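A note on names: the letters A, B, ... follow the listed sequences, proteins ahead of strands, and every chain is numbered from 1. What you are looking at is a predicted structure, and each value in this text was computed from that prediction instead of being measured.
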Amino acid sequence: MNPGQDTLSKAYDPSQVEQKWYQFWQEQGLFHADENSERPPFSIVIPPPNVTGLLHMGHALNNTLQDILCRWKRMEGYNVLWLPGTDHAGIATQNVVEQQLLKEGTDRHQLGRERFIQRVWRWREESGRTIIHQLKRLGSSCDWERERFTLDEGLSAAVREVFVRLYEEGMIYRGDYIINWCPRCQTALSDLEVEHEEMKGNLYYVRYFWVDGPDHLTVATTRPETILGDTAVAVNPKDPRYTGIVGRQVYLPLVKRPLPVVADEYVSIEFGTGALKITPAHDPYDFQVGVRHQLPSLKVIDEKGQMSEATGQYAGMDRFECRRLLLEELRKEGHLEKVEPHRHAVGHCQRCRTIVEPLLSKQWFVRMEELARPAIEAVQEGRARIIPKGWEKTYFEWMTNIRDWCISRQIWWGHQIPAWHCQDCSGITADRATPAHCKHCGSSKIIQETDVLDTWFSSALWPFSTLGWPQRTRELELFYPTSVLVTAFDILFFWVARMMMMGLKFRGDVPFRDVYIHALVKDIEGKKMSKSRGNVIDPLIMIDRYGADAFRFTLAAFAVQGRDILLSEERIQGYRHFANKLWNAARFVLMNLEGYSHPATPEGEMGDLDQGQLTIVDRWILSRLTGAIRQVKSAMEEYRFNEVANALYQFIWHEYCDWYLELIKPRLRSAGPDRLSAQRVMVWVLDMCLRMLHPIMPFITEELWQQLPVEGETIMRAPFPQVREVWFAPQTEEEMGLTMEVIGEIRNIRSELNIAPSKKVEVILSSPDEGERAMLQAHAEDISLLASLASLTVVSQHEKILGALTSMVSKTEVIVLPGEGIDMEGERKRLRKELAKIEEDLLLLEEKLSREDFRAKAPPEIVEKNLERREALREKESRLRRGLARIEGEA
RNA sequence: AGGCACGUAGCUCAGGGGGAGAGCGCUUGCUUGACGCGCAAGAGGUCGGCGGUUCGAGACCGCCCGUGCCUACCA
């Protein structure tokens with residue numbers, strides 16, 4: 001340390017410091033959680049990003065907030081575990097590698113399962129470090145020694161354990177149901193992986209002629225290609241138009257296959273013609289109708305999205321091409337009655353946007369109802385809190401209407417389902433390890449299920465599988481349930497709800513005490529950032545350009561609960577200015593440390609200063625600091641990150657820099673105890689600011705803290721500031737408030753009347769109030785300094801002064817003495833403007849006070865306050881009038 | 001269709017019943033010994049509309065208008 005010497009550059013350059021400190025923290029093991037520590041635990045598991053993915057704004061916000069919490073809790077003395085990791089993102093990752101193969105002119109089937117999987121692992125090795133590296137650039141203080149991956153051996157063991165137990169309990173079943181099928185990804189999808197999108201389509205009215213007579217029944221459909229798979233036509237039994245037709249038959253158009261007419265309440269009378277064609281193999285609700293009426297299922301579209309063998313002449317044709325052809329033929333044959341434009345929601349694959357095909361298929365499912373119940377109760381009873389609370393409703397809504405979860409995927413990258421099919425008795429054996437024999441018949445001719453599990457199945461176990469479960473580890477004991485989960489609402493169902501269910505089922509307790517749901521990051525027009533829109537802001541580029549700290553601060557400052565973040569580069573740039581301001585404040589402090597020695601005092605004590613050595617200004621900043629600490633801590637506790645950021649911004653810039661540092665400049669230039677006390681306070685307050693700011697801006701705060709003459713190895717281990725009531729001094733704040741207002745008034749006069757900043761003026765402060773006079777007298781030097789005065793006189797009353805410029809603060813009249821070349825016309829304008837404002841205020845106030853009801857019913861202190869205010873305004877008004885009269889009298 | 005948010009300064013947003021706020025932008029002035037990524041001063045608002053509760057509403061309630069999102073089986 002070199003007190004008194006300026007060792008800092010004029011502007012903050014993040015590139016010089018970020019990597020250095022990140023490396024330092026890691027080498028010192030500061031991110032590592034100690035499973036044998038006695039300190040209270042605080043734990044967060046990271047929402048695992050896709051292993052081969054890249055960091056986007058959502059990740060950046062998500063991880064910034066987690067890092068803020070973790071760094072803060074460490075400083076508060078907790079044993080913090082922030083467990084990082086990635087997930088294998090089955091479909092997405094497989095897609096990427098399949099694209100690569102396509103370019104090479106091959107595909108996974110030519111490669112074979114084993115070699116394909118090896119290939120994906122290789123791709124993971126190549127790209128899997130990218131996102132981890134990017135998280136580090138952001139400053140994330142994760143415990144990298146505990147990094148996990150959903151396909152790790154340990155996590156895979158957890159997956160098998162959960163699968164087998166659920167299967168044995170009958171909670172997992174296999175069966176033929178309508179599922180969502182992506183013809184491009186060639187796999188089943190869960191309901192959640194289908195995104196509905198409003199699309200323009202048509203409603204086709206098709207005539208089905210009666211078997212037993214002339215005429216026809218008209219049905220309306222949006223998907224004519226499924227006509228080939230119809231096995232009935234249904235009408236509502238309450239529909240008066242169709243009484244008596246149930247039991248009759250119609251011919252399926254073109255094919256001429258007879259179909260029964262059935263009655264089902266599901267059919268809506270209002271829609272279309274009220275007659276609905278039933279295709280049990282290609283519509284989830286038709287499927288249910290089919291079950292109720294024991295209708296056969298005819299699969300006419302296959303897994304590739306092409307017409308199946310069962311469609312004869314149409315076999316092998318693309319489903320949409322077939323639609324066109326069929327329409328043509330229907331029209332030709334006189335079956336097409338009319339076509340109406342129709343908007344409807346069409347399901348798209350979340351991963352590749354292909355239109356999803358509802359398909360009858362044999363898949364594995366998890367029964368959800370029984371798992372959901374305790375997960376609902378846990379939130380109802382407050383054992384887990386969702387913040388902001390508004391999301392609870394969404395959570396309950398979904399949980400109470402939950403449907404069974406299709407967990408099997410027809411891809412290769414993932415956890416292969418630990419179930420074996422017997423080729424002799426066709427029984428299923430589920431096991432944790434590869435079994436030798438069929439559990440049912442003892443046959444050794446068993447083959448493992450080829451399907452893999454939905455990635456979210458393994459993610460659902462994340463909060464305990466990462467801690468070593470099913471083994472009973474020290475970590476699991478100590479860190480489960482985790483303290484808080486930080487995530488965005490878009491994976492509330494995918495992930496949060498499922499973790500809740502699995503945690504309760506297998507650990508008997510919620511996986512996290514709090515769930516903090518943060519905003520989505522969007523562009524400045526409120527649109528979601530996406531590559532196709534070309535409106536993405538790359539977090540890494542922002543970090544390169546403005547530094548990780550400015551970037552993180554921006555995200556924190558905009559992280560308001562319940563509102564999306566509209567981000568633009570300008571915002572980040574703005575907060576870079578703040579980083580620079582802080583840098584220069586510290587630079588100023590370091591430049592003024594001559595003769596300073598850091599007191600050897602216990603942590604949390606400022607030093608060996610006699611209270612008497614502190615000036616009012618010192619006490620003021622300490623009191624304001626106390627308020628800032630209080631604000632920051634309570635905001636932190638309630639996840640109100642924007643308030644934390646704004647409180648610190650406001651305090652550091654507009655109180656510490658604008659007022660305190662300015663006011664102590666003369667003391668720093670002097671010698672003796674005055675200087676020492678100023679140094680002590682300025683160093684102390686800066687130290688506290690850096691600590692409070694560290695969770696949001698880790699790099700710059702470490703860099704500056706290391707330069708300051710303070711004790712400690714790293715700011716990461718410096719205790720977070722505590723509120724100390726003794727420093728809270730409301731009277732001092734009020735006194736300083738008066739001083740600051742007087743300075744403001746003088747500056748205003750100077751500015752509005754174009755008095756050059758370099759020109760010093762003479763000022764008289766006149767107040768009938770003895771208390772105010774005493775205060776102002778005490779601050780005479782401060783006022784002279786910041787308002788640039790040649791002289792200042794405080795009096796109880798004064799003679800009329802020709803051409804004086806006046807203003808009022810509280811009971812004090814501020815009089816700036818006329819100098820050369822004062823613009824009296826400007827002064828008149830200024831006073832008139834001021835007067836007009838006061839008169840308007842007074843009018844409103846008079847009106848309020850004159851109301852009987854107000855006097856009678858408002859709380860006395862409010863009435864009193866308003867009366868006082870009226871007095872002050874009246875006084876101010878009359879003084880200004882006199883000032884104005886003086887000028888106008890001269891003119 | 002249902003549900004949930006949100007309409008406050010040019011822009012992005014805070015505002016937990018008693019004198020309309022911040023940041024950015026804008027205007028004016030400033031080589032003030034930390035900082036022009038700065039300093040100082042200023043302009044700018046029927047708080048979406050209409051009702052209601054209240055002595056008092058930007059805040060609480062209802063309706064309407066506008067915007068966004070989520071959930072949905074009306075083919």
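Considering only side-chain atoms of L661(A), the nucleotide from rA34(B), rA75(B), rC74(B) that sits closest is rA34(B). If you check rA72(B), rA75(B), rU12(B) against the side chain of H342(A), the one that comes closest is rA75(B). Nearest to the side chain of P757(A), among rA34(B), rC30(B), rA75(B), sits rC30(B). Distance from the side chain of L566(A) is smallest to rC13(B) among rU71(B), rC69(B), rC13(B).
A donor-acceptor contact under 3.5 Å is not formed by the side chain of Q561(A) with the base of rA14(B).
Between K865(A) and E868(A), no side-chain nitrogen of the basic residue sits less than 4.0 Å from a carboxylate oxygen of the acidic one, so the salt-bridge criterion is not met. Between R830(A) and E752(A) there is no salt bridge, since no side-chain nitrogen of the basic residue lies less than 4.0 Å from a carboxylate oxygen of the acidic one. Between R223(A) and E357(A) there is a salt bridge, since a side-chain N of the basic residue sits under 4.0 Å from a carboxylate O of the acidic one. Ion pairing between E225(A) and R319(A) fails under the 4.0 Å rule for side-chain N and carboxylate O. No salt bridge links K393(A) with E397(A); every basic N to acidic carboxylate O contact stays at or beyond 4.0 Å. A salt bridge does not link R874(A) with E877(A): none of the charged nitrogens is closer than 4.0 Å to a carboxylate oxygen. One finds no salt bridge joining R851(A) and D853(A) here, because no Lys/Arg side-chain nitrogen approaches an Asp/Glu carboxylate oxygen to under 4.0 Å. K837(A) has no carboxylate O lying under 4.0 Å from a charged side-chain N of E839(A), or vice versa, which leaves the two without a salt bridge.
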Which side-chain N or O atoms in residues 854-862 of chain A pair as donor and acceptor under 3.5 Å with protein atoms at least two apart or in another chain?
| from | atom 1 | to | atom 2 | distance (Å) |
| --- | --- | --- | --- | --- |
| R855(A) | NE | L849(A) | O | 2.9 |

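Checking side-chain atoms of W659(A) against main-chain N and O of I621(A) turns up no donor-acceptor pair under 3.5 Å. Y546(A) places no side-chain N or O within 3.5 Å of a backbone atom of Y575(A) that could act as its donor or acceptor partner. A donor-acceptor pair under 3.5 Å is formed between the side chain of R750(A) and the backbone N or O of K759(A). Of the possible polar contacts, none joining the T279(A) side chain to the A281(A) backbone as a donor-acceptor pair under 3.5 Å is found.
Distance check on atom P: rC24(B) versus rG38(B) gives 8 Å, rounded to whole Å. Between rA5(B) and rC47(B), the distance separating the two P atoms is 24 Å to the nearest Å. For the P atoms, the distance linking rG15(B) with rG7(B) amounts to 9 Å, nearest Å. rG25(B) and rG10(B) have their C1' atoms separated by 7 Å, with the value rounded to a whole Å. One P atom belongs to rG23(B), the other to rA41(B), and the distance between them is 12 Å to the nearest Å. Look at the C1' atom in both rG44(B) and rC11(B): the space between them is 13 Å, to the nearest Å. Here, rU53(B) and rC61(B) have their P atoms 15 Å apart, quoted to the whole Å.
Map Y12(A) and E638(A) each onto its nearest nucleotide of RNA chain B; the residue landing nearer the 5' end is E638(A). Remark on RNA chain B: of its neighbouring residues G274(A) and E198(A), the 5'-side contact belongs to E198(A), judged by nearest-heavy-atom nucleotide.
Proximity of K581(A) to the phosphate of rC39(B): a side-chain N or O atom is located under 4.0 Å from OP1 or OP2. Between K665(A) and the phosphate of rA34(B), there is a side-chain N or O to OP1/OP2 separation shorter than 4.0 Å.
Nucleic acid contact class of N754(A) (heavy atoms, under 4.0 Å, all strands): none. Residue contacts shown for V267(A) include a base, since a base heavy atom lies under 4.0 Å away. Residue R640(A) is in base contact, counting any heavy-atom pair closer than 4.0 Å across all strands shown. As judged by a 4.0 angstrom heavy-atom cut-off over every strand, R870(A) is placed among residues making no nucleic acid contact. Within 4.0 Å (heavy atoms only), A585(A) reaches at least one base atom of the nucleic acid. At a threshold of 4.0 angstrom between heavy atoms, the contacts of G201(A) with the nucleic acid are absent. Across all strands shown, L276(A) has heavy atoms under 4.0 Å from base atoms, whether or not it also approaches the sugar-phosphate. As judged by a 4.0 angstrom heavy-atom cut-off over every strand, E852(A) is placed among residues making no nucleic acid contact.
There is a side-chain donor-acceptor pair under 3.5 Å between E193(A) and S190(A). Checking D404(A) against Y177(A) by side-chain atom types alone, no donor-acceptor pair falls below 3.5 Å. D191(A) and N180(A) share a side-chain donor-acceptor pair at under 3.5 Å. Between the side chains of Y205(A) and E340(A), at least one donor N or O sits under 3.5 Å from an acceptor N or O.
Protein atom CZ of F558(A) is 15 Å distant from nucleotide atom P of rC11(B), rounded to whole Å. Between the CH2 atom of W391(A) and the C1' atom of rA5(B) there is a distance of 8 Å, given to the nearest Å. Note: CD1 (I862(A)) to P (rG17(B)) measures 13 Å, nearest angstrom. The distance between atom CZ of F396(A) and atom P of rG2(B), rounded to the nearest whole Å, is 24 Å. Computed from coordinates, the F641(A) CZ to rC13(B) P distance equals 19 Å when rounded to whole Å. A straight line from NZ of K393(A) to C1' of rC69(B) spans 15 Å, rounded to a whole angstrom. Here the P atom of nucleotide rU32(B) and the CG atom of D658(A) are 17 Å apart, to the nearest Å. As rounded to whole Å, 15 Å separates atom C1' of rA1(B) from atom NE2 of H196(A).
Within residues 277-291 of chain A, the residues having any heavy atom closer than 4.0 Å to RNA chain B are, in order of number, Y285(A).
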Identify each atom pair where a protein N or O and an N or O of nucleotides 22-26 of chain B are less than 3.5 Å apart, giving names and distance.
| from | atom 1 | to | atom 2 | distance (Å) |
| --- | --- | --- | --- | --- |
| rG23(B) | OP1 | H654(A) | NE2 | 3.3 |

Tabulated below should be each protein N or O lying under 3.5 Å from an N or O of nucleotides 41-48 of chain B; please produce it.
| from | atom 1 | to | atom 2 | distance (Å) |
| --- | --- | --- | --- | --- |
| rA41(B) | O3' | N748(A) | ND2 | 3.2 |
| rA41(B) | O2' | S751(A) | OG | 3.0 |
| rG42(B) | OP1 | N748(A) | ND2 | 2.6 |

Under 3.5 Å, which protein N or O atoms sit close to an N or O of nucleotides 54-59 of chain B? Give each pair with its distance.
| from | atom 1 | to | atom 2 | distance (Å) |
| --- | --- | --- | --- | --- |
| rC55(B) | OP1 | K857(A) | NZ | 3.2 |

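H577(A) has its ring centre no less than 6.0 Å from the ring centre of Y12(A).
Counting only Watson-Crick and G-U wobble pairs whose two key distances fall under 3.5 Å, RNA chain B forms stems of three or more stacked pairs at B:1-7 with B:65-71, B:10-13 with B:21-24, B:26-30 with B:38-42, B:48-52 with B:60-64.
Looking at I355(A), V356(A), V346(A) one by one, the single match for side chain to side chain contact (heavy atoms under 4.5 Å, CB included) with V194(A) turns out to be V356(A). Across F578(A), F558(A), F699(A), a single residue satisfies ring-ring contact (aromatic ring centres under 6.0 Å, His included) together with F553(A), and that is F578(A).
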